[in-house]
Structures are given as structure tokens and as C-alpha cells.
Amino acid sequence: MSANSQRSKIAPHLTYKELEDLANSLDQIRERIMAGLGAADAQYIYRLIRWQRAMDLFARILIMLGVVTLPDVGLAIASGPLAMSLLVTGTLLLAASKILDNMEIGHNIMHGQWDWMGDDKINSRVWEWDHACPSRQWKHTHNVQHHCWANVMGLDRDVGYGTLRVTDQQRWQPYYLGQPLYFVLLALLFDWAIAIHDVQFDRVAKGRKPWHEARVLWRESLAKIGRQGLKDFLLWPLLAGPWFFVVLIANIVANILRNLWTFIVIFCGHFPEQVRVFSQDLVASETHGEWYARQIMASSNISGGPKLHLATGNLSFQIEHHLFPDMPSHCYQRIAPEVEALCEKYGLPYNRGSLSRQFASATTSIMRLTLPDKAPMRESRAS
Amino acid sequence: MLGARFSHPQKLSRFVIGLLDAFTFPIPLSAYRGLTQPLPTWEPSQGDSINRIGEGTVVCARSDQQFSGSATQSILELAETAGLTPKFGCRRGLCHTCDRPLLSGQVVDRRTGQVLNRPGMLVQLCVTQVAGDAVLDL
């Protein structure tokens, strides 16, 4: 078959036949894992959700106890150091609880990873998360645009989030001189940025998206941002009465910590320097095998232990996640050696590095892109 | 105004529950009430027998439509041919935009051959095929 011996445009060192073989091997991995799912896997998610809910409640109670023990409350148990340690522990626990809710629980359930259970609450259709972004919009920008079209310019809007220049394929404009500032603001306010991501203000401004279409999404986002804010920044602080601001600050810090962590993990997954981006022409007629190859080239993993994997919601296995977005995330670690072996066999990059290395790489690359390109495009970026 | 609002005890209790829910949004209060109960257990659904792929009829309960199976086409394609316009995204089983709940009967996942027959289960229209009669919330 001459068509099969042709070389792929997306992975030029491979023929279509080789890519088909790769796809078959990957399909088999998926089939094997999905067929083997059972009660033990269900137990994992049930238990995790329960832990997270308990943690959330406990964190809120600790913060309240911290307020009660503040010296100026004047109760018998008053103690400055005790109050401080309760407040700090509570805030850190609240941040951890939000991270668990958003990453290993919410993100993965909304991918449909747990739909196979047939549970009426734990499924991608009805799940809502402790995050400013409405789940309905998240499923559109993330599951559809980002996952199907990972790192395809103009289709995957997570390439720079409509704010940053993360690849030299984005034409430089003077606006990008402010990139270091946008980078910090995006990290601090990441959940709000994601909440309005699907409204696509940049396209509305350019007249490419009618406002009446965007307005529906904008209102939905505002409602979710409002409900989240009402809970974290008004109701819980109000419970503390005159010490409103103590609880408010605890909640703000917890939200910011969650934002920073999710921002770091997500930037490690797609923006380190070795990660490739693709043009729309290139993917217009891609095959199943090319789709898999592109997902591998568009992602990068973070190496680490079980705690890191849990804290990143197993996005430390970004490559495996992009190959099989609706496979339960705790299975990625099991299949990682097989995926890596396949990458080696077919000469595809299996990009993996420590958290600090990947984040430093992504940050350096983005900071460099603040200025117009001096040299011609680097080869690793060209597509 | 407040007096009118709470004139009915039911209204008052609904307000209180709503207020408590706002404290835990988006986690329902029941999630906390269940913290001390034993964890639920999951069991595989029974009777995983598969009819010939493509044989059977799918009834769409919401739109009051029905169509018969095809050995090659997905349920999404069949529904579109029948004039329905379900929401869809990737059409390759990734994004779960076209998921609809199964009300009764069974369908089969064309990728894995897995039979889906648990009522309430979400059916990915774009990668499932008819394999016996089924009723979908579509």
C-alpha cells in the first residue's frame, strides 16, 4: 500500500502504517484498562471524595477555632500562637481541599472518567466543582477545544489563554511587552480567568463573536463566580462577626494558593520548551495515529512520587491523560511504562522532568517570548 | 416583608436549607451527612449478553422519536439521520459532550465492545451502537 508507506506530516519520521500500529497498541492499552475497572476503582473515588469533603469541613472548623482563640476575643482559651497556628493550618488545609476537589476529583469526573460506574451523582453530566468556572463551560473549553485540538494554533484556546504569548507561532505585538505582569496576574487570578475563558472576550473585542452569544456565557460565569464568592468571601467571614477580615483573608489565601498550584501544574503540562505546537493545516486531515502522536508531542509529564501525582490530579501523567482523557486518572501510573516504551519504539518524545525543571522551562520560554524574536524560529517550535 | 416571607413554616425551612447550602456550595449538604455512613459499593451490572450489533430499536423518550439500528453507524449518526440534533463535540468519544442517560435497555461501546445496560448510565452517542432495544433520554 503506497498510501501507508507515505510519511506523516505531523510526525515526519513515521509512515502512516507505523502510526496505525502505534494507534492499535494504544487502543489495546485503553481497552484492557477500561475492561478491568471494577469495585476497587470505584472505592478509590468514593473514598477520595469523602476524604476531601471531610478535609473541607475540618479546615473551615479550624479557621473558626483560630478566630475564637484570638487574644482580642478575650475567651479563657485565648492564645496568640495557638490562634495563629490554627489559622495557618486551617488555611493550608482549605487550599489542599480545593486542590483535591478541582484536580483529582472535579477535573477527572468532568472528563467522564467515572461515567462507567453509572453513579447518578459522580458523572460528567451533573458534577459541579469548587471553582469559579461553571462546569458546563469548562467541559467545552477543556474537553472539546483543548483536548481534541491540543496545542493546535487557533483551535486550542489554552495556548496562552488568549492572554500570553507561549510560542513563537503567535505573532509578536507590543501588547506582549506586558507579559511578565499578565503572567503573575493570571497565576493569582487563575480560577477567574478560567471562569471567563469560554466567553472569549478577545474574540468579542475583535468582532469575531457576537455579544448576544457571549452574553449568555458571561452571565452564567458571573453567577458561578458570585456563588463561589458569596460562600468564601462573605458567608463564612460573616460567621466570624467582628473578625470578618480574619476569615476573609484565610479564604483569599486558600483560593490564591489553589490558583498558584493549578497554574504551575498546567503550565508544566503544555508550555515547556520542548513541547510542540501545530498549525491548523497540519491537522486538517490527521489520522487516528497522528492524533495520538500529536497528543504525545503536545504534552509533558512531571516526575515525582505518589503525593505529587495525587496533588496534580495525576496531570503529572499529562501524556497519558492526553492519550486517554476519560480513563480513570489513578490508572495512568500503571500504563506509563508501556506508553514510554511505545514512544521509544516509534521515536516520539516522552517529555518528562521534575516540577521545578518543567516550570522553569515554561517560565523561561514565556519570558523570552515577551520580546520579538531575534533569531529565526527555533526548530523545536516550528511545525 | 420578612414576615410575609416566613409566614409559612415550609418557606422558612426552605430558606434555612438554602442558606446552609450556600455555605457549602457546590457540595450538597448530604455529602457531609454521609461522612459517617459506610462507603457505597459498586457492583458490575448483570446480564452482559450482547445482541447482534445494529439489531434493535432506540426510543428517544424526550423527543418522542425512534430509529432502528445500523451495523456501521453510531447512535449519534442515526439520531441525526432521524432529524434529531443532539449536542456534540469531538465525535470520537473524547469530550463527552454528546452523553445522554440510558433509561432502559442496552447499547454497546463500539471501541471496547462493552455493553452498557445500567439505567441512568451515560451513553456516549458518538461511539455507541445499537445492540438490542434501548430507551434514551434524548
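Per chain, numbering begins at 1; letters A, B, ... match sequence-line order. Just so we're clear, the structure is a prediction, and the values are computed from it rather than from any experiment.
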**Study point:** chain B contact via L239(A) - side chain, backbone, both or neither, heavy atoms under 4.5 Å
**Key:** side chain
Check your understanding: Is any side-chain heavy atom of V339(A) less than 4.5 Å from a side-chain heavy atom of I319(A)?
Key -> yes
Exercise for review: Measure distances from W129(A) to the heavy atoms of chain B and classify the residue's part below 4.5 Å as side chain, backbone, both or neither.
Suggested key: backbone
Study note, to complete from the structure: Greatest number of non-hydrogen atom pairs under 4.5 angstrom with chain A, of A31(B), P101(B), G120(B), falls to P101(B)
Point to revise | Ring geometry between H142(A) and W138(A) (parallel below 30°, tilted from 30 to 60°, perpendicular above 60°) | key: parallel
Point to revise | Toward chain A, the part of Y32(B) with a non-hydrogen atom under 4.5 Å | key: side chain
Study note, to complete from the structure: Checked R100(B), H96(B), Q124(B) vs chain A; the most non-hydrogen pairs under 4.5 Å come from H96(B)
Exercise for review: Under 4.5 Å heavy-atom distance to chain B, tell me which part of R30(A) shows up: side chain, backbone, both or neither.
Suggested key: side chain
Check your understanding: Are N117(B) and V107(B) side-chain neighbours, meaning at least one heavy-atom pair lies under 4.5 Å?
Key -> no
Check your understanding: So which of W149(A), F324(A), W291(A) has the biggest tally of heavy-atom pairs under 4.5 Å with chain B?
Key -> W291(A)
Review point. So which of H288(A), R50(A), H111(A), K231(A) has the biggest tally of heavy-atom pairs under 4.5 Å with chain B?
Key: R50(A)
Practice item. Under 4.5 Å heavy-atom distance to chain B, tell me which part of A54(A) shows up: side chain, backbone, both or neither. Key: both
Review point. What are the two closest non-hydrogen atoms of L103(B) and A61(B), and how far apart are they?
Key: CD1-CB, 3.6 Å
Practice item. Name the region of R118(B), side chain, backbone, both or neither, that has any atom closer than 4.5 Å to a heavy atom of chain A. Key: side chain
Check your understanding: Can the ring centres of W114(A) and W42(B) be said to be less than 6.0 Å apart?
Key -> no
**Study point:** Options V144(A), L234(A), D56(A), ranked by heavy-atom pairs under 4.5 Å with chain B, top entry
**Key:** V144(A)
Exercise for review: Assess the pair H131(A) and H107(A): is the distance between their ring centroids shorter than 6.0 Å?
Suggested key: no
Point to revise | salt bridge (charged side-chain N to carboxylate O under 4.0 Å, His left out) between D232(A) and K98(A), worked out | key: CA-CA 12 Å; D232(A) 280 354; K98(A) 281 176 182 287; 2.7 Å; yes
**Study point:** Most chain B-contacting option - heavy-atom pairs closer than 4.5 Å, from E128(A), R53(A), R32(A)
**Key:** R53(A)
Review point. Between K121(A), M34(A), R47(A), which shows the greatest number of heavy-atom pairs under 4.5 Å with chain B?
Key: R47(A)
Review point. If you tally heavy-atom pairs under 4.5 Å against chain A, which of T41(B), T112(B), L39(B), L19(B) wins?
Key: L39(B)
Review point. G112(A), A40(A), A42(A), S135(A): which one forms the most heavy-atom pairs within less than 4.5 Å of chain B?
Key: G112(A)
Practice item. Using the six-membered ring wherever Trp is involved, compare the ring planes of H322(A) and H147(A) and label them parallel, tilted or perpendicular (cut-offs 30° and 60°). Key: parallel
Exercise for review: Measure distances from D115(A) to the heavy atoms of chain B and classify the residue's part below 4.5 Å as side chain, backbone, both or neither.
Suggested key: both
Practice item. Considering only NZ, NE, NH1 and NH2 on the basic side and carboxylate oxygens on the acidic side, decide whether R111(B) and E31(A) come within less than 4.0 Å. Key: no
Review point. Does one side chain, of Q137(A) or E220(A), offer a donor that lies under 3.5 Å from an acceptor on the other?
Key: yes
